[in-house]
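So the structure is just underneath, and the comments pick up after that.
Each ligand, and each atom within it, is numbered from 1 in the order the structure gives. All values derive from a computational prediction rather than experimental measurement.
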Amino acid sequence: MKFTFLGTGTSMGVPTAGGFGSERLKGDPRDERWRCSAWIETEQSSIVIDTGPEFRLQTLRAGITRVDAVLITHEHMDHISGLDDLRPFCYKQKQTIPVYTSQTCKESIKRRFEYMFGPDRYPGATSVELNVIEDSFQFQDLRITPLPANHGKVDVLGFRVGNISYLTDVKEIPESTEKLIKGSEVMVLSGLRWKPEHPTHMTIPEAVEKATKLEIPRTYLIHMNSRVNHKQSNQRLPEHVRLAYDQLILEVD
Ligand SMILES: [Zn+2]
Ligand SMILES: [Zn+2]
């Protein structure tokens with residue numbers, strides 16, 4: 001299974017519009033972070049997790065030519081606003097693309113993208129089918145397990161796909177979900193910044209503590225803000241935790 005980080009940045013992206021924080025980037029391309037999204041590719045399947053504001057650019061940058069399914073973590077715009085850019089894939093593949101998410105997120109997507117659904121559907125609009133998932137399911141050659149977690153008052157879904165557990169925009173992970181993550185070879189987990197603590201996101205030290213507790217051999221952090229320097233952060237992190245960066249590719253069994 002090939003896993004590509006399409007984006008690893010926090011909600012505003014890094015650098016942000018207007019240049020706030022860009023003075024810290026110092027020319028390392030790993031410090032430029034588009035909004036969080038990931039691409040999983042196997043012999044039979046090509047699926048993406050989240051479709052944020054850079055989704056079109058991310059598909060072109062990574063060379064994605066097919067999208068069989070989409071997993072959506074939650075309804076914040078940095079994770080769903082690119083849904084409309086599935087349109088060329090619908091045309092090319094001549095199909096409705098299945099989207100898997102929670103009940104709350106499904107309702108939110110229907111409200112925000114009302115022109116894609118219902119009797120007043122705009123002709124030619126993106127054609128997606130919204131599926132609510134509560135348990136593990138098989139999609140082609142992939143076993144997918146939803147990982148419910150908390151993002152402040154917002155519920156989010158992480159996803160375990162084979163041996164990778166992907167969780168973004170997480171503050172708390174309930175014990176029942178920790179059991180589902182355990183045994184993963186790789187965990188992807190959000191870590192907003194080193195400090196101070198944040199009410200709805202784990203900081204990097206909180207993410208490291210979780211990765212260590214769950215005994216995951218390799219953890220990659222995502223959803224970092226513009227204050228997080230890639231090189232300096234990796235020097236501070238324990239060996240089993242690394243900062244991810246856009247276009248990083250992992251091969252996982
Ligand atoms: Zn986010
Ligand atoms: Zn969020």
Side-chain angles (χ1 to χ4, degrees), residues 3-18 20-21 31-40 48-59 70-86 99-113 130 132-133 146-159 164-174 177 187-204 206-207 210 219-228 230 233 243-248:
F3 182 98
T4 306
F5 291 89
L6 299 176
T8 58
T10 191
S11 55
M12 290 193 286
V14 182
T16 58
F20 170 74
D31 282 326
E32 267 193 40
R33 306 181 181 110
W34 291 1
R35 265 52 75 87
C36 284
S37 178
W39 175 32
I40 292 171
V48 294
I49 304 177
D50 287 337
T51 53
E54 281 110 4
F55 184 64
R56 169 181 161 270
L57 297 169
Q58 286 165 328
T59 64
V70 179
L71 310 178
I72 299 283
T73 58
H74 67 301
E75 61 270 30
H76 285 162
M77 275 298 179
D78 54 320
H79 300 264
I80 65 167
S81 71
L83 267 180
D84 198 78
D85 286 327
L86 288 170
V99 172
Y100 298 91
T101 191
S102 67
Q103 182 67 42
T104 321
C105 184
K106 174 182 173 173
E107 284 160 17
S108 184
I109 289 173
K110 281 175 86 170
R111 278 197 307 277
R112 290 168 185 193
F113 295 89
L130 299 173
V132 172
I133 46 164
L147 304 171
N150 303 103
H151 176 26
K153 287 182 181 158
V154 175
D155 292 332
V156 297
L157 284 186
F159 300 98
I164 290 198
S165 289
Y166 181 99
L167 297 110
T168 188
D169 296 56
V170 162
K171 179 67 181 179
E172 305 279 352
I173 301 177
T177 295
M187 177 163 68
V188 178
L189 183 59
S190 50
L192 182 67
R193 59 194 181 198
W194 282 96
K195 60 180 185 183
E197 282 189 19
H198 189 278
T200 65
H201 286 276
M202 282 186 187
T203 57
I204 291 174
E206 285 169 334
K210 189 61 76 178
T219 294
Y220 291 89
L221 303 184
I222 57 170
H223 215 282
M224 287 79 66
N225 76 9
S226 57
R227 289 173 180 263
V228 178
H230 184 88
S233 295
L243 247 55
Y245 55 90
D246 288 26
Q247 296 278 70
L248 171 64

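Centred on the Zn ion (ligand 2), the NE2 atom of His74 and the OD2 atom of Asp169 lie at an angle of 90°, reported to 10°. For the pair OD2 of Asp78 and NE2 of His223, the angle whose vertex sits at the Zn ion (ligand 1) is 100° to 10 degrees.
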How far apart are the C-alpha atoms of Thr73 and Asp50, what are their side-chain angles, what is the distance that settles it, and do they pass the side-chain hydrogen bond (donor to acceptor under 3.5 Å, both in side chains) test?
-> CA-CA 6 Å; Thr73 58; Asp50 287 337; 2.8 Å; yes

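In this structure, the side chain of Ser81 engages the main chain of Met77 through a donor-acceptor pair within 3.5 Å. With hydrogens and angles ignored, the 3.5 Å screen pairs no side-chain donor or acceptor of Glu75 with any backbone N or O of Ser108.
Nearest N, O or S atom of His76 to the Zn ion (ligand 2): atom ND1. In His79, the N, O or S atom that comes nearest to the Zn ion (ligand 1) is NE2.
Residue Gln103 qualifies as enclosed at atom CD: its count of foreign heavy atoms under 6.0 Å is above 12.
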